[in-house]
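Structure first, then comments.
Residue numbers start from 1 in every chain, and the chains themselves are labelled A, B, ... in the order their sequence lines are given, proteins ahead of strands.
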2 protein chains.
Amino acid sequence: MDTTDATDTTDATDATDATATLETRELRYFLAVAEELHFGRAAERLGMAQPPLSRAIQQLERRLGVCLLSRNRRGVSLTGAGEVLLHEGRAALDATAAAARRTRRAGATGRPSGHRDRLVLALKAGASHELLHRLLDAYAAEPDAAEIEVLPCGMCEQEEMLRDGRADVALMHTPYNSLAGFDSEELMSEGRIAVLPAGHPLAKRRTLSLAEVGDIPGLPPARWPSHGTYAPGPGPEIRDQTQLAQLIALGRTVAVLPVSARAWLWAEHAAVPLTDAPPVVTHIAWPAHSRSLALAGLVRTATRL
Amino acid sequence: MDTTDATDTTDATDATDATATLETRELRYFLAVAEELHFGRAAERLGMAQPPLSRAIQQLERRLGVCLLSRNRRGVSLTGAGEVLLHEGRAALDATAAAARRTRRAGATGRPSGHRDRLVLALKAGASHELLHRLLDAYAAEPDAAEIEVLPCGMCEQEEMLRDGRADVALMHTPYNSLAGFDSEELMSEGRIAVLPAGHPLAKRRTLSLAEVGDIPGLPPARWPSHGTYAPGPGPEIRDQTQLAQLIALGRTVAVLPVSARAWLWAEHAAVPLTDAPPVVTHIAWPAHSRSLALAGLVRTATRL
DNA sequence: CTCTGTCATACCCGGCAGGTATCACCCGGG
DNA sequence: CCCGGGTGATACCTGCCGGGTATGACAGAG
């Protein structure tokens with residue numbers, strides 16, 4: 001054993017004392033470092049110098065009585081506790097940001113005590129056209145309808161939007177989205193189709209199976225970003241429906257989509273029902289602890305469609 | 001109109017600027033004031049003087065660009081935005097507290113990167129004896145079983161425990177508990193019984209209905225605390241099973257319980273099955289974003305019982 | 001051996017969180 | 001009608017700490 005026995009902070013008489021209260025500033029700093037794994041870049045991202053950041057992280061570690069980062073020469077890596085704080089801290093910061101945003105919005109339309117009367121609805125750009133239309137029309141006809149702001153977002157961003165308060169309610173599609181942590185109601189369920197170039201031999205088939213679609217020579221299936229990253233594979237990386245539609249029309253890829261996608265297919269596309277694909281279920285989802293009356297009304301309307 | 005037209009903060013050129021970042025200290029302060037509705041008591045609870053607290057709240061309101069409290073002479077009350085921040089802020093503070101606790105625990109058993117190997121399981125004291133026993137035994141037999149610490153708590157505290165990180169997983173019983181915001185798996189479902197004093201006339205019945213039990217002359221149904229407060233009603237306010245058992249035995253009240261409660265009934269009790277009570281469903285529940293391997297193992301074991 | 005890239009240390013400064021003293025105000029009681 | 005109690009707001013001061021700059025320690029590449 002070497003001279004440094006255990007914790008060398010000899011003044012640590014009250015280490016691990018009570019509830020060290022974890023300021024959001026510290027969380028922001030730690031998340032930056034944990035994501036960059038580099039104090040310099042993290043400091044730059046935070047708009048501050050590197051030394052105070054180092055010190056802040058050290059203080060955080062001392063206050064928690066836990067080692068979060070292992071500083072090997074040449075780079076930094078997360079310890080087990082660091083990984084835990086990375087996940088939990090993200091959730092905590094999201095919740096804090098959500099509190100600020102929702103409070104500000106509630107005050108902006110400041111009626112004395114009637115909560116807010118404006119809802120932000122997040123959805124995948126272009127998805128659930130038909131359903132959304134019916135929902136908005138039906139809800140607008142309600143007597144005490146709030147104003148609905150539609151917030152189109154990328155493929156999997158709705159969860160983040162709900163979590164950090166940029167949205168109050170979202171339309172989500174399992175199995176693409178995860179409903180973990182939200183309350184939700186099922187709105188509809190639909191089968192899936194394979195979308196092929198119109199001239200492709202398989203386009204004449206009455207039905208297809210997932211296995212057949214996944215293994216067409218020369219037509220690798222398109223890859224969508226899942227939480228910011230693309231799964232490895234041969235297919236093209238696409239970001240939105242327009243890209244996808246074009247690549248299919250050009251005969252470069254194939255995609256599996258809900259049947260409602262027929263609404264926006266091109267003339268150069270062919271759609272073939274899939275026999276064995278699990279259905280796509282559309283849900284309306286909202287933060288589990290929400291207490292908004294307007295939201296409750298919207299959900300009630302949605303479930304009656 | 002008087003001189004103060006609308007917002008008198010004339011320097012508010014950059015009000016509602018970007019993301020005002022809401023420190024946890026501010027949240028703590030605001031929650032204290034919002035709960036006490038009294039600056040002096042809130043300051044005392046926070047262990048500080050009243051003037052800095054007033055100032056901090058004012059700064060918070062200015063930074064959010066929102067009025068949170070209406071200071072009527074003689075007392076303080078929440079505005080709409082204030083109520084929103086009360087709810088959202090509680091959630092946010094719980095999340096930060098959870099982050100701190102879980103990180104600290106992860107570091108305490110500090111293995112380099114194997115996450116933590118100790119789970120805290122919260123449950124209603126005395127509930128689900130049988131099921132819990134089988135679960136613990138089965139899980140202990142698993143090859144890589146983590147250590148399980150059982151944390152008995154009051155009637156509806158499991159949700160809070162999960163939210164603020166004092167527990168990692170809980171056994172919950174719908175419809176008593178709400179699963180909102182958690183992931184969960186159903187473990188078992190059971191009917192309910194009315195528990196009466198042994199000598200009571202209705203104790204001879206083969207079955208009863210909810211309506212009959214709710215309206216027995218001289219036997220008002222017991223009232224449980226629901227999130228800290230008791231619903232109004234004539235029945236006695238009880239806090240735990242022992243109190244309840246005693247009051248029933250004394251012929252003062254009647255209760256509707258899951259059939260598994262038969263395990264701890266007294267000789268002076270009589271149990272009659274209910275025909276129309278919705279079943280009690282036992283779930284194992286955990287924070288939606290949890291990534292613990294040990295937790296996954298426990299859930300797998302539980303669903304296989 | 002030197003140079004470079006990295007994180008830690010040393011030191012200083014300004015802002016702000018917190019304390020004390022006091023004010024402004026309403027309200028109830030004599 | 002005036003006065004005292006109780007409330008939150010204001011004024012002012014002070015010490016701490018968050019943040020900056022300069023520099024050190026150390027490992028690896030060449």
query: From C/dT9, D/dG8, C/dC7, pick the nucleotide closest to the side chain of B/His38?
result: D/dG8
message: Checking contacts here: which listed nucleotide (D/dA9, D/dG19, C/dA8) is nearest the side-chain heavy atoms of A/Tyr29?
response: D/dG19
- line: Separation of D/dG19 atom C1' from A/Glu44 atom CD, nearest Å, is 17 Å
- prompt: Would a 4.5 Å heavy-atom cut-off, applied to side chains only, mark A/Trp286 and A/Leu298 as touching?
  reply: no
- prompt: Nearest to the side chain of A/Gln59 - D/dA11, D/dG18, D/dG8?
  reply: D/dG18
- prompt: Quick check: does any side chain N or O of B/Glu61 sit under 3.5 Å from a backbone N or O of B/Leu68, one acting as donor and the other as acceptor?
  reply: yes
message: What I'd like to find out is whether the side chain of B/Arg90 reaches to under 4.5 Å of the side chain of B/Arg163, using heavy atoms alone.
response: no
message: What is the separation between atom CG on B/Leu46 and atom C1' on C/dG19, rounded to the nearest whole Å?
response: 15 Å
- request: To the nearest Å, give me how far apart CZ (A/Arg71) and P (D/dA27) are.
  value: 16 Å
task: Using atom CG of B/Leu53 as one end and atom C1' of D/dA9 as the other, report the distance to the nearest whole Å.
output: 12 Å
- prompt: Looking at the side chain of A/Arg25, which of D/dG18, C/dT6, D/dG8 is the nearest nucleotide?
  reply: D/dG18
message: Please compare B/Leu37 and A/Arg55 by the position of their nearest nucleotide in DNA chain D and report the one closer to 5'.
response: B/Leu37
task: Nearest whole angstrom, please: distance from the C1' of C/dG18 to the CD of B/Glu23.
output: 16 Å
- prompt: From the list C/dC7, C/dG18, D/dA9, which nucleotide is the closest neighbour of the side chain of B/Ser54?
  reply: D/dA9
- request: For B/Pro52 and for B/Arg41, find the nucleotide of DNA chain D with the closest heavy atom, then tell me which residue's nucleotide is more 5'.
  value: B/Arg41
message: Looking at A/Gln50 and C/dA8, is any side-chain donor or acceptor paired with a base atom of the opposite kind under 3.5 Å?
response: yes
message: Which nucleotide wins on minimum distance to the side chain of A/Phe39, given the candidates C/dT6, C/dA8, C/dG18?
response: C/dA8
query: Is A/Glu26 salt-bridged to A/Arg63, going by a charged N under 4.0 Å from an acidic O?
result: yes
